[in-house]
Amino acid sequence: MRSYAKSIAFYERTRKHLAGGVSSNVRYASTPVPLFFERGEGARLYDVDGNVHIDYVLGNGPAILGHAPKPVIDAVQRSLAQGQVYAGQHRRETELAERLCGLLPGAEVVRFATSGTEAVLMAMRLARAFTGRTRIVKFEGHYHGWSDQAYISARPPLNEAGPAEAPVPVAGSPGMPKSVLDDVVVAVWNDLDALAAAFAHHPGEIAAVIMEPMMVNGGAIAPHEGYLSGVRDLCRAQGALFICDEVITGFRVGLRGAQHRFGVTADLAIYAKAVAAGFPMAMVAGRRDVMDTLLDKGVMHGGTYNGNVQSMAAALAALDELERDDGAVYRDLEQRGTRLMQGLAALGAKHKLPVLVQGLPAIFQTFFTKAAAPENYRDSAACDRDMALAFHVALQEQGIRVNQRTTWFLSTAHDDAIIEETLAAADRAMAALT
Ligand SMILES: Cc1ncc(COP(=O)(O)O)c(C=O)c1O
């Protein structure tokens with residue numbers, strides 16, 4: 001049995017002066033306590049007890065190039081002596097904005113922010129200012145950060161969520177004002193009729209529809225064929241903006257993100273996480289006429305650390321790696337992720353476990369269910385979470401780190417040998433479950 005004695009002791013000590021012992025509630029979802037790490041290198045993390053983990057959490061997505069990727073670290077190191085924040089502009093921002101607009105679907109202009117949560121807030125404010133409307137449609141199981149305006153029905157208990165035809169918006173946290181629920185219309189995802197009904201109930205009131213273009217946070221589920229373009233068409237017909245939250249999918253499911261992969265262009269898109277390969281950076285990208293309201297209508301967007309020197313340097317260096325040979329690294333990611341997905345599914349069959357592997361090679365999930373493949377949050381919430389948790393624990397014992405929902409993020413550092421090592425460990429972990 002692996003020992004976590006030092007992590008447990010650190011956690012007890014930390015709780016005395018750091019509220020709850022963590023800096024993000026998401027980190028409670030760790031076994032047996034939030035683990036303390038000493039370093040990360042490539043695909044591996046090293047904890048304070050000396051345990052080595054092949055890491056498929058990757059900071060919840062950012063570490064697309066693995067931990068401590070040399071080209072990014074070198075670029076950031078070179079930038080350090082130039083200062084960190086100027087409260088003024090610098091050349092790296094110009095260069096990065098130019099490159100991103102040349103790359104991403106629909107990105108006529110970008111605006112940099114620091115976290116995904118804030119960038120979502122900016123996009124929602126822009127949509128409201130541009131359309132003069134207030135309500136935003138969001139989908140059950142989709143997470144758009146922890147703000148009052150967005151942390152609604154992100155993972156609602158099904159007994160509070162109302163009927164699928166007309167879901168009830170559920171505040172995700174104590175302390176959120178009830179009034180925010182009035183501005184949000186919640187719908188079931190992957191269902192065009194459900195969205196059409198939401199529009200029909202609120203004619204002329206919807207400013208925007210926001211979604212993860214492939215759901216990940218509420219269960220890794222790809223959109224049905226034609227769903228995203230159907231959403232875009234409905235939005236256009238109704239005078240609402242279509243916002244894709246690509247915080248997870250951007251620079252992960254492909255060089256040009258989920259929109260390119262699924263053949264749709266949103267009015268606004270939000271990126272964070274993988275874009276700066278581990279450094280704090282986010283952005284909104286999209287239509288010039290909408291983004292111009294920042295200047296024309298004086299829509300407020302601020303942030304002391306936006307466009308900071310190190311994050312810009314990191315993003316530029318990460319782009320160099322990701323863009324090389326028109327995204328050659330993504331072809332490798334795709335092939336290795338496919339090998340891992342297929343290998344895990346085969347192991348599930350071998351051990352007679354109801355394992356269903358869903359998602360895309362760079363981000364997927366192992367569900368435990370005998371039912372049909374989940375299509376939305378309600379289906380995914382009905383899968384066996386206790387089995388997923390047991391698999392998470394069994395994998396950790398074998399040196400494989402996935403989150404408690406058993407979501408798998410891949411990086412370019414997960415080479416063929418690591419995939420084989422992972423499958424051998426997963427074989428032992430599944431054997432321990434039976
Ligand atoms: C799809 C999505 N949007 C927004 C966010 C919020 O981003 P951040 O944690 O940088 O505030 C997340 C974070 O996991 C996310 O997955």
Side-chain angles (χ1 to χ4, degrees), residues 22-30 56-64 111-127 136-155 172-173 184 189 208-223 228 242-253 257-259 261-262 266 268-286 301 303-308 311 314-315 318 359-360 362-365 376-377 380 402-405 407-409:
V22 294
S23 300
S24 161
N25 279 23
V26 177
R27 296 176 202 165
Y28 291 132
S30 173
Y56 290 93
V57 178
L58 296 176
N60 289 320
I64 186 79
R111 173 63 82 91
F112 297 127
T114 303
S115 72
T117 296
E118 301 163 65
V120 165
L121 289 174
M122 184 198 336
M124 296 201 307
R125 182 177 281 177
L126 282 168
I136 306 269
V137 175
K138 82 165 294 286
F139 296 93
E140 272 180 351
H142 291 227
Y143 176 68
H144 303 293
W146 59 278
S147 70
D148 287 347
Q149 288 97 320
Y151 193 43
I152 295 168
S153 296
R155 218 176 297 165
S173 169
V184 167
W189 188 65
V209 173
I210 186 168
M211 69 161 70
E212 298 177 42
M214 164 181 157
M215 186 167 80
V216 175
N217 287 297
I221 299 173
L228 298 184
F242 178 27
I243 305 175
C244 275
D245 179 346
E246 295 234 37
V247 166
I248 285 188
T249 51
F251 299 92
R252 171 161 292 284
V253 303
Q259 293 171 84
R261 181 147 190 156
F262 296 118
L268 296 177
I270 300 138
Y271 298 84
K273 297 199 190 256
V275 64
F279 284 81
M281 184 208 151
M283 64 178 177
V284 177
H301 166 245
T304 301
Y305 296 104
N306 298 349
N308 73 79
S311 293
L360 292 173
I363 171 69
F364 64 85
Q365 187 168 343
N376 57 40
Y377 168 73
S380 120
V402 295
N403 68 18
Q404 293 194 338
R405 285 173 287 145
T407 315
W408 302 67
F409 289 90

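As the structure lists them, so they are numbered: ligands from 1, and atoms in each ligand from 1.
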A student checking ligand 1 against Thr117 at a 4.0 Å heavy-atom cut-off should list atoms 6 (C), 7 (O), 8 (P), 11 (O)
Side-chain (Lys273) to main-chain (Asn60) donor-acceptor, under 3.5 angstrom: yes
Report, in ascending order of atom number, the atoms of ligand 1 lying under 4.0 Å from any heavy atom of Ile248. 16 (O)
Find the distance between OG (Ser311) and CG (Asn306) and round it off to the nearest 0.5 Å. 9.5 Å
Classify the contact between Glu118 and ligand 1 as side chain, backbone, both or neither, using a heavy-atom distance cut-off of under 4.0 Å. neither
Near His144, which atoms of ligand 1 are under 4.0 Å from a heavy atom of that residue? 3 (N), 4 (C)
Ligand 1 atoms nearer than 4.0 angstrom to some heavy atom of Gly145 are 4 (C), 5 (C), 6 (C)
Would you mind writing out the side-chain donor-acceptor pairs for residues 274-283 within the sub-3.5 Å range, not counting sequence neighbours?
none

Verify side-chain hydrogen bond (donor to acceptor under 3.5 Å, both in side chains) between Arg111 and His301, making sure each step is shown before the conclusion. CA-CA 9 Å; Arg111 173 63 82 91; His301 166 245; 3.0 Å; yes
Ligand 1-proximal atoms of Asn217, by part, heavy-atom distance under 4.0 Å: side chain
Ile136 side, atom CD1; Ile243 side, atom CD1 - distance, nearest 0.5 Å: 5.5 Å
Between the main-chain N or O of Glu246 and the side-chain N or O of Glu212, is there a donor-acceptor pair closer than 3.5 Å? no
Between Asp245 and ligand 1, is there a nitrogen or oxygen pair with a distance under 3.5 Å? yes
When you measure from the side chain of Gln259 to the backbone of Ala266, do you find a donor-acceptor pair of N or O atoms at a distance under 3.5 Å? yes
Is the contact between Trp146 and ligand 1 made by the side chain, the backbone, both, or neither, using heavy atoms and a 4.0 Å cut-off? neither
Counting distance only, does the side-chain N/O of Lys138 pair as donor-acceptor with the main-chain N or O of Ile152 below 3.5 Å? yes
Subset of ligand 1 atoms that lie under 4.0 Å from at least one heavy atom of Ser115: 10 (O), 11 (O)
Is there a side-chain contact between Met122 and Ile270 (heavy atoms, below 4.5 Å)? no
The one among Met281, Met215, Lys273 that brings a heavy atom closest to atom 13 (C) of ligand 1: Lys273
Glu212 neighbourhood, listing ligand 1 atoms whose heavy-atom distance to it stays under 4.0 Å: 1 (C)
At under 4.0 Å between heavy atoms, is it the side chain or the backbone of Ala272 that contacts ligand 1, or both, or neither? neither
Heavy atom of the protein closest to atom 1 (C) of ligand 1 (residue, atom name, distance): Tyr143 O, 3.2 Å
Report yes if some N/O of Gly116 lies less than 3.5 Å from some N/O of ligand 1; otherwise report no. yes
